[in-house]
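Below is one structure, written out as structure tokens; the observations come after it.
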Amino acid sequence: QVQLVDSGGGLVQPGGSLRLSCQVSGFSLEYYAIGWFRQAPGKEREAVSCISSTDSSTTYTDSVKGRVTISRDNAKNTAYLQMSSLKPEDTALYYCGTARGPTCSSTYWAYDHWGQGTQVTVSS
């Protein structure tokens, strides 16, 4: 059974940092791209970042560039999203997804397995 477990969210002050984790079980992450999405209340779902499985190339949405780093550890079947210099507008439910293939996509339907999400709240 495929399962993705997101963790690492929490309440953090502006300027703070968090590292989100996405633990995958039930299949090997090695051959699939993995992406992070977020959705804030009243807003559309947004693709935040993605890392491919071929050469670990990465993509980031403009609003997080320079503040967020995505990585993967295939041996641990886990992906990470390191976030720093967090802003109140980063507040959202963050969740990871595994793509249907090795390359990244910013479209939701390119992913077929999802974590349950982890809440990130940036507030003073």
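The structure presented is a predicted model; accordingly, all values stated were derived computationally and were not measured. All heavy atoms count here, side chains included; hydrogens, waters and symmetry mates do not.
- No side-chain donor from either of Thr121 and Ser123 sits under 3.5 Å from a side-chain acceptor of the other.
- Contact record, Cys104 with Ser52: SG-N, 3.4 Å, taken as the closest heavy-atom pair.
- Under the 4.5 Å side-chain heavy-atom criterion for Ile, Leu, Val, Met, Phe, Trp and Tyr, Leu11 and Leu93 are members of distinct hydrophobic clusters.
- Checked by atom type and distance alone, the side chain of Ser49 pairs as donor or acceptor with a backbone atom of Thr59 at under 3.5 Å.
- Met83 has its side chain within reach of Leu20: a pair of non-hydrogen atoms, C-beta onward, lies under 4.5 Å apart.
- A heavy-atom distance below 4.5 Å is not found between the side chains of Val122 and Glu89.
- Between Thr78 and Gln23, the side chains place a donor N or O and an acceptor N or O closer than 3.5 Å (distance only, hydrogens not considered).
- Residue Thr103 comes nearest to Ala99 through the heavy atom pair O-CB, 4.1 Å, listed as atom of the first residue, atom of the second, then distance.
- Under a 4.0 Å N-O distance rule, the pair Lys87/Asp90 does not qualify as a salt bridge.
- Side-chain atoms of Ser84 come within 3.5 Å of backbone N or O of Arg67 as a donor-acceptor pair.
- Checking side-chain atoms of Gln116 against main-chain N and O of Asp6 turns up a donor-acceptor pair under 3.5 Å.
- Note: Tyr32 and Phe27 have perpendicular aromatic rings, judged against thresholds of 30 and 60 degrees for the angle between ring planes.
- Val120 and Tyr60 end up in the same hydrophobic cluster when Ile, Leu, Val, Met, Phe, Trp and Tyr side chains are linked at under 4.5 Å.
- Taking the six-membered ring for Trp and thresholds of 30 and 60 degrees, Tyr95 and Phe37 have nearly parallel ring planes, at less than 30 degrees apart.
- Annotation: Tyr31, atom OH; neighbour count of heavy atoms from other residues, nucleotides and ligands within 6.0 Å does not exceed 12.
- Using a 4.5 Å heavy-atom threshold, the side chains of Ser53 and Arg72 count as touching.
- Between the CD1 atom of Ile34 and the OG atom of Ser71 there is a distance of 10.0 Å, given to the nearest 0.5 Å.
- Thr107 places no side-chain N or O within 3.5 Å of a backbone atom of Trp109 that could act as its donor or acceptor partner.
- Of all heavy-atom pairs between Arg45 and Gln39, the closest is N-NE2, 3.7 Å.
- Between Ser106 and Cys50 there is no side-chain heavy-atom pair separated by less than 4.5 Å.
- Side-chain contact between Val24 and Cys22 is present, with at least one heavy-atom pair separated by less than 4.5 Å.
- Taking hydrophobic clusters as Ile, Leu, Val, Met, Phe, Trp and Tyr residues chained together by side-chain heavy-atom distances below 4.5 Å, Val48 shares a cluster with Val12.
- Distance CG/Leu4 to NE2/His113: 8.0 Å, rounded to 0.5 Å.
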Evaluation steps, side chain to side chain contact (heavy atoms under 4.5 Å, CB included), between Val64 and Glu46: CA-CA 11 Å; Val64 305; Glu46 176 185 29; over 6 Å; no
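- Taking both residues in full, the closest heavy atoms of Leu18 and Leu86 are given as N-CD1, 4.0 Å, listed atom of the first, atom of the second, then distance.
- Going from atom OG1 of Thr61 over to atom CZ of Arg38 covers 7.0 Å, rounded to the nearest 0.5 Å.
- The two residues Ala92 and Gln119 make their nearest non-hydrogen contact at O-NE2, 3.3 Å.
- No continuous path of hydrophobic side-chain contacts links Ile51 to Tyr80 [ILVMFWY only; heavy atoms under 4.5 Å].
- Shown here for Tyr111 and Arg100, the closest heavy-atom pair between the two residues is O-NH2, 3.7 Å.
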